[in-house]
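I have placed the structure first, in the form of structure tokens, so that the comments after it can refer back to it.
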Amino acid sequence: MTTSITPLIAGNWKMNGLMASLSEVQKLAEMLTRGTAPRCTVAICPPATLLARISEMAASSGIVTGGQDCHPAQSGAHTGDISATMLADAGAQFVIVGHSERRAGHGESDDLVRTKAQAAFAAGLTPIICVGETEAERRDGQAEAVVGRQVATSVPEEAQAIDVVIAYEPVWAIGTGLTPTTDDIRQVHDMIRAQLIERFGDSGQTIRLLYGGSMKPANARDILMVENVNGGLVGGASLLANDFYAIISAV
Ligand code: PEP
């Protein structure tokens, strides 16, 4: 962990969560209010149907919210899509862009991801830009080359001056219970950091780099101890208040 950066623990609920799930948010809010103040920003990225409700109910506990995707345009004839402006209007502060499930399931390219990040900036949101290699790419020794290329193209030039978060999520670790070794995580995070400093100078030092992929209460502490890991993007373990709180406490 890099101590001068405020870490971020963000929960990605994916396509999970109904009105009944609001009780987990309530429970987490109570845990955060009762316990010692978290040493990180805590965000929940619920499905869009719950965003406004969670933004409202969680505000007093310091939990902030984010969307899981946005369209590059701010409004228009795009049936079924949601814009960054709409997410901001519903109370979001963050938006995940370029998650591997969208890259794979919706054919999203690095160029498209970059335009989504730019739409986030325009709406006053902080994009969480996801990158990560597949299992085959890692097996072929291509992990750093793939991630380096994704960072180079998906992260817009504006990141020099506007807050942006990058989440390294090896595709093979998402939802599988598998995680890279802490040495492997360190290697990729160091490489991303060096690339950001080379491109953006000093501001490359302050961009938050999250790790994501099967982060759980049992492994969070070890992962969060790694230099240049400034928090986590948490899928499955963010759905239950107890697990998510344990990860937040690991910071
Ligand atoms: C994710 O989808 O962003 C993720 C990290 O999922 P999980 O924690 O379930 O692997």
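Quantities reported herein were computed from a predicted structural model and do not represent experimental measurements.
Under the 4.5 Å side-chain criterion, counting only non-hydrogen atoms from C-beta, Leu196 is in contact with Ile166. Using a 4.5 Å cut-off on side-chain heavy atoms (C-beta onward), Glu169 and His99 make contact. With a 4.5 Å cut-off on side-chain heavy atoms, Pro47 and Gln68 count as touching. The shortest side-chain heavy-atom distance between Val155 and Arg199 falls under the 4.5 Å cut-off. Tyr245 places none of its side-chain heavy atoms less than 4.5 Å from the side chain of Pro38. The shortest side-chain heavy-atom distance between Ile44 and Ser238 does not fall under the 4.5 Å cut-off. Counting only heavy atoms from C-beta outward, the side chains of Leu8 and Asn230 never approach each other to under 4.5 Å. A heavy-atom distance below 4.5 Å is found between the side chains of Val188 and Arg138.
Summarising the local packing, CZ of Arg53 is surrounded by 12 or fewer heavy atoms from other residues, nucleotides or ligands at distances under 6.0 Å.
In this structure, Leu125 is not a member of the same hydrophobic cluster as Leu233, with clusters built from ILVMFWY side-chain heavy atoms closer than 4.5 Å. The same ILVMFWY cluster, assembled from side-chain heavy atoms under 4.5 Å apart, contains both Tyr211 and Val164. Val25 and Leu239 fall within a single hydrophobic cluster, where Ile, Leu, Val, Met, Phe, Trp and Tyr are joined by side-chain heavy atoms under 4.5 Å apart, directly or via other members. In the hydrophobic cluster analysis, where Ile, Leu, Val, Met, Phe, Trp and Tyr join through side-chain heavy atoms closer than 4.5 angstrom, Leu112 is grouped apart from Phe121. With hydrophobic clusters built from ILVMFWY side chains whose heavy atoms lie under 4.5 angstrom apart, Ile96 does not share a cluster with Trp13.
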Any chance you could lay out the side-chain contact (heavy atoms from CB on, under 4.5 Å) test for Asp243 and Val234, step after step, and finish with the verdict? CA-CA 10 Å; Asp243 285 354; Val234 184; over 6 Å; no
Begin with the C-alpha distance, continue with both residues' side-chain angles, and end with the deciding distance and a verdict on side chain to side chain donor-acceptor pair (under 3.5 Å) for Thr134 and Glu137. CA-CA 5 Å; Thr134 63; Glu137 288 162 343; 3.2 Å; yes
Determine, step by step, whether Asp111 and Arg114 satisfy the salt bridge (charged side-chain N to carboxylate O under 4.0 Å, His left out) criterion, reporting the C-alpha distance in whole Å, the side-chain angles of both residues, the deciding distance to 0.1 Å, and the verdict. CA-CA 5 Å; Asp111 285 325; Arg114 189 182 62 254; 2.8 Å; yes
Determine, stepwise, if the pair Glu157 / Phe200 fulfils side-chain contact (heavy atoms from CB on, under 4.5 Å). CA-CA 8 Å; Glu157 216 44 42; Phe200 297 129; 3.9 Å; yes
Check against side-chain contact (heavy atoms from CB on, under 4.5 Å), Met19 and Leu50: CA-CA 7 Å; Met19 287 296 170; Leu50 298 179; 3.9 Å; yes
As a quick check of understanding, evaluate side chain to side chain donor-acceptor pair (under 3.5 Å) for Ser55 and Thr65, giving each step before the final call. CA-CA 6 Å; Ser55 300; Thr65 57; 2.8 Å; yes
Applying side-chain contact (heavy atoms from CB on, under 4.5 Å) to Asn242 and Met31, what does each step give before you reach the verdict? CA-CA 9 Å; Asn242 284 339; Met31 290 166 124; 2.9 Å; yes
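To the nearest 0.5 Å, the span separating CD1 on Ile174 from OG on Ser100 amounts to 3.5 Å. Atom-to-atom distance recorded for Glu101:CD and Cys130:SG is 9.5 Å, nearest 0.5 angstrom. The distance from the CG atom of Leu87 to the NE2 atom of His71 is 12.5 Å, given to the nearest 0.5 Å. To the nearest 0.5 Å, atom CD1 of residue Ile185 and atom CE of residue Met215 are 7.0 Å apart. Rounded to the nearest 0.5 Å, atoms CD (Glu227) and CG (Leu209) are 10.5 Å apart. Leu32 contributes atom CG, which lies 5.0 Å from atom CD1 of Ile63 (distance to the nearest 0.5 angstrom).
Donor-acceptor pairing under 3.5 Å is recorded for the side chains of Ser154 and Arg103. A donor-acceptor pair shorter than 3.5 Å cannot be found between the side chains of Ser214 and Thr179. Side chain to side chain, Glu133 and Gln142 fail the donor-acceptor criterion of an N or O pair below 3.5 Å.
Here the shortest heavy-atom pairing between Gly132 and Val147 reads CA-CG2, 4.0 Å. For the pair Ala73 and His78, the tightest heavy-atom approach, listed with the atom from each and the gap, is CB-NE2, 4.1 Å. Residues Ala237 and Ile247 come closest through the heavy atom pair CB-CD1, 3.8 Å. Here the shortest heavy-atom pairing between Gln74 and Ser83 reads O-OG, 3.0 Å. Of all heavy-atom pairs spanning Gly66 and Leu51, the tightest one is O-CD1, 3.7 Å. Across all non-hydrogen atoms, the minimal contact from Ala92 to Gly67 is CB-N, 4.2 Å.
With respect to Asp69 and Lys116, a salt bridge is recorded, a charged nitrogen being found less than 4.0 Å from a carboxylate O. A salt bridge links Asp183 with Arg186: the distance from a Lys NZ or Arg NE/NH1/NH2 to an Asp or Glu carboxylate oxygen falls below 4.0 Å.
Here the options are Arg208, Arg193, His189, the test is side chain to side chain donor-acceptor pair (under 3.5 Å), and the partner is Asn228; only Arg193 passes.
With hydrogens and angles ignored, the 3.5 Å screen pairs a side-chain donor or acceptor of Asn219 with a backbone N or O of Lys216.
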